[in-house]
Every structure is written in C-alpha cells, then in structure tokens.
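Order of the sequence lines sets the chain letters (A, B, ...), proteins ahead of strands, with each chain counted from 1.
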Protein chains: 2
Amino acid sequence: MRKQDSTNARNEASILRNCGMAYALNVIGGRWKPTILFSLLEGKMRYNELRKTIPGVSERMLVAQLRELEEHGLVRRNVFPEVPPRVEYELTELGHSTEPMLQCMSDWGNMHRKKEQVIAVQ
Amino acid sequence: MRKQDSTNARNEASILRNCGMAYALNVIGGRWKPTILFSLLEGKMRYNELRKTIPGVSERMLVAQLRELEEHGLVRRNVFPEVPPRVEYELTELGHSTEPMLQCMSDWGNMHRKKEQVIAVQ
DNA sequence: CAGAATCCAAAATGATACTG
DNA sequence: CAGTATCATTTTGGATTCTG
C-alpha cells in the first residue's frame with residue numbers, strides 16, 4: 001500500500017466521521033442556538049423572559065433562531081389566546097436530547113475560562 | 001417573595017449559567033472550528049491533508065480559523081524549514097480537552113440524522 | 001506546498017420604530 | 001407582550017492571482 005492510498009483512506013474516513021458533526025452544526029450551530037437551548041433546559045419560558053436570560057440577543061435574532069429550532073423539532077411554541085398575548089417556549093423530547101452535548105460545552109467553558117470573568121455572549 | 005423577584009432571580013441564575021457556554025462558543029464556535037478540531041483529534045496533519053477532510057472549506061477560511069484556534073491555544077502550528085514547505089497542525093493539551101464536547105456533538109448528529117444521509121458541511 | 005493579497009457577493013446580525 | 005418591518009452594518013465566504 002502506497003502512502004497516497006493510506007492518506008486517501010484517512011481522508012475519506014475523516015469526511016465520514018465529520019458527517020454527524022456537520023449535521024449537529026446544522027441544527028444547533030450558530031451564535032445563539034446553544035444558549036437558547038441551554039436556557040430552555042431550565043424549563044418553559046415566555047419570550048421576554050427567555051430574552052432576558054440571553055444578554056446581547058436582539059429581538060430579531062431570538063425570534064429567527066426560535067423559528068429554526070421549531071422547524072427542526074427541538075422547540076415547541078405555545079401561543080395562548082389572551083390579551084396581552086402570552087407565548088411560551090419549551091423543549092421537545094428531541095430538544096431535551098441535546099442536554100448532554102450542551103452540558104459538555106458549558107462545563108468545558110466553565111472549566112477553562114478564567115474564574116473571575118463573567119462572559120456575556122459576544 | 002413576589003413573582004417578579006423569583007423571575008429576576010431565575011434570569012440572573014440563567015445568565016450566570018450561560019457564561020461557560022458563551023466562553024465555549026467564543027473559542028470553538030463558528031462554522032468550521034468544531035470540524036477542524038474533530039479532524040485533528042485523529043492526529044497531526046498537514047495543511048492540505050486537513051483541508052481534504054473538510055469538504056467545502058476554502059483556503060481563506062481554513063487558515064483564518066486555524067489562526068484563531070492557535071491564538072486561543074488549542075492548536076499548535078509546526079513549520080518545517082524545507083522546500084517545498086511543510087506545515088503540520090496538531091492539537092495542544094487544551095485542544096485535546098475539547099474531545100468529550102466534540103464527541104458529544106458528533107454522536108448526537110449521528111444519532112439523529114437520517115442514517116442514509118451523508119452530510120457535507122453547509 | 002502553504003499560504004497571502006485582493007476584490008466582490010452574500011449572509012448574518014444589529015438598531016430602531018412600529019403593530020395586533 | 002410578542003413580535004414585524006425596515007434599513008444599516010458586520011461578518012463570512014468565494015474566486016482568483018500571486019509568492020517564498
């Protein structure tokens with residue numbers, strides 16, 4: 001087996017290996033989604049309540065990301081027909097299945113950031 | 001304790017809870033970094049070899065992301081003084097510490113994508 | 001080979017004002 | 001309250017050419 005062959009085989013293996021990652025990034029990637037999901041792990045929340053847990057997010061972005069999460073089946077949106085309106089967001093079962101992944105990310109961040117720093121998104 | 005108080009307390013707790021996440025997103029967030037790191041978990045690689053394991057990445061982006069990962073101390077860049085040049089990238093100890101997090105992401109992706117789909121980045 | 005430099009297009013994000 | 005709509009800005013990405 002020549003060197004070239006083993007290199008190509010390794011590349012193909014890596015590409016395949018990266019599939020799951022690519023899918024995950026597609027669904028929960030981006031600047032806001034992990035934080036949104038992580039907040040919702042605490043339980044259902046109304047729109048403005050959720051927004052307050054995520055410093056720096058704009059209304060536009062929060063709504064857009066919530067819609068994408070809903071499309072991908074991670075988040076359920078409950079609209080109550082009241083005045084003033086009330087909308088609650090909560091994780092679906094699929095949404096809850098991201099917990100280990102999100103917890104890993106959060107743990108890693110807490111482990112490696114300087115203890116004193118309080119990091120806000122961005 | 002009024003409702004408002006408990007809501008505020010919950011928000012502050014969530015904001016703090018999100019710090020680690022925010023830090024993690026800052027360091028390994030973005031479209032390419034998780035895939036780059038995940039590929040490098042396989043071992044050190046030369047620039048073009050690494051590029052082949054990540055379909056869709058441009059030279060410009062790959063270099064830029066590698067530089068940022070280097071700045072954050074996750075990746076080491078070894079330049080060999082040869083002609084033609086050889087540059088090898090490998091994870092530092094800090095880089096390796098992302099393995100559980102990356103593995104979680106990849107596992108989640110593999111678990112939930114349709115088994116037949118082969119997902120390329122983007 | 002491993003990039004740097006340049007130019008441009010497209011997408012993501014932000015700020016603000018407005019509305020059912 | 002929970003968004004929309006609009007516009008401005010930033011970031012990201014791609015294509016191409018060039019170089020030690």
Rounded to whole angstrom units, what separation is found between the [atom1] atom of [X] and the [atom2] atom of [N]?
X: B:I54; N: D:dG13; atom1: CD1; atom2: C1'; answer: 15 Å
X: A:L62; N: D:dG3; atom1: CG; atom2: P; answer: 8 Å
X: A:L66; N: D:dC1; atom1: CG; atom2: P; answer: 17 Å
X: A:K52; N: D:dG3; atom1: NZ; atom2: P; answer: 14 Å
X: A:M45; N: D:dA2; atom1: CE; atom2: P; answer: 13 Å
X: A:N48; N: D:dG3; atom1: CG; atom2: P; answer: 9 Å
X: A:R51; N: D:dT4; atom1: CZ; atom2: C1'; answer: 14 Å

Handout entry: Any donor-acceptor N/O pair, A:S106 side chain to A:Q103 backbone, under 3.5 Å
Key = no
Problem - Sidechain-backbone polar pair: A:N26 side chain, A:A22 backbone, donor-acceptor under 3.5 Å - result: no
Handout entry: Beyond-backbone contact of B:L25 with A:M105, side-chain heavy atoms, under 4.5 angstrom
Key = yes
Practice task
Report yes if some heavy atom in the side chain of B:R51 is under 4.5 Å from a heavy atom in the side chain of B:I54; otherwise report no.
Solution key: no
Problem - For DNA chain C, the residues among residues 68-89 of chain B that have a non-hydrogen atom under 4.0 Å from it - result: B:R77, B:P84, B:P85, B:V87, B:Y89
Can you tabulate the close N/O pairs, meaning under 3.5 Å, that link protein atoms to atoms of nucleotides 7-13 of chain C?
{"residue": "C:dT13", "atom": "O3'", "partner": "A:R31", "partner atom": "NH1", "Å": "3.3"}
{"residue": "C:dT13", "atom": "O4", "partner": "A:R60", "partner atom": "NH2", "Å": "3.0"}

Exercise for the section: Considering just the side-chain nitrogens and oxygens of B:R46, establish if one lies under 4.0 Å of OP1 or OP2 belonging to C:dG3. Expected result: no
Handout entry: Option from B:L37, B:L69, B:L40 for which side chain to side chain contact (heavy atoms under 4.5 Å, CB included) with B:T98 holds
Key = B:L37
Handout entry: Residue B:R67, side-chain heavy atoms: nucleotide from D:dC1, C:dA4, C:dA17 that is nearest
Key = C:dA4
Practice task
Taking atom types as modelled, find out whether B:N18 and A:T53 have a side-chain donor-acceptor pair closer than 3.5 angstrom.
Solution key: no
Exercise for the section: With sequence neighbours excluded, give me every ring pair (Phe, Tyr, Trp, His ring centres under 6.0 Å) pair touching residues 34-88 of chain B. Expected result: none
Problem - Inter-axis angle, terminal five-pair segments of the helix from C:dC1-D:dG20 to C:dG20-D:dC1 [nearest 10°] - result: 60°
Exercise for the section: For the pair B:E70 and B:R76, find out whether any cationic side-chain nitrogen is under 4.0 Å from an anionic carboxylate oxygen. Expected result: no
Fill in the blank from the handout: The salt bridge (charged side-chain N to carboxylate O under 4.0 Å, His left out) partners of A:E12 (sequence neighbours excluded) come to none
Problem - B:M45-B:V79 co-clustered via ILVMFWY side chain contacts under 4.5 Å - result: yes
Handout entry: side chain to side chain donor-acceptor pair (under 3.5 Å) pairs, two or more places apart, involving residues 81-94 of chain A
Key = A:R77-A:Y89, A:N78-A:E90, A:E82-A:R86, A:R86-A:E88
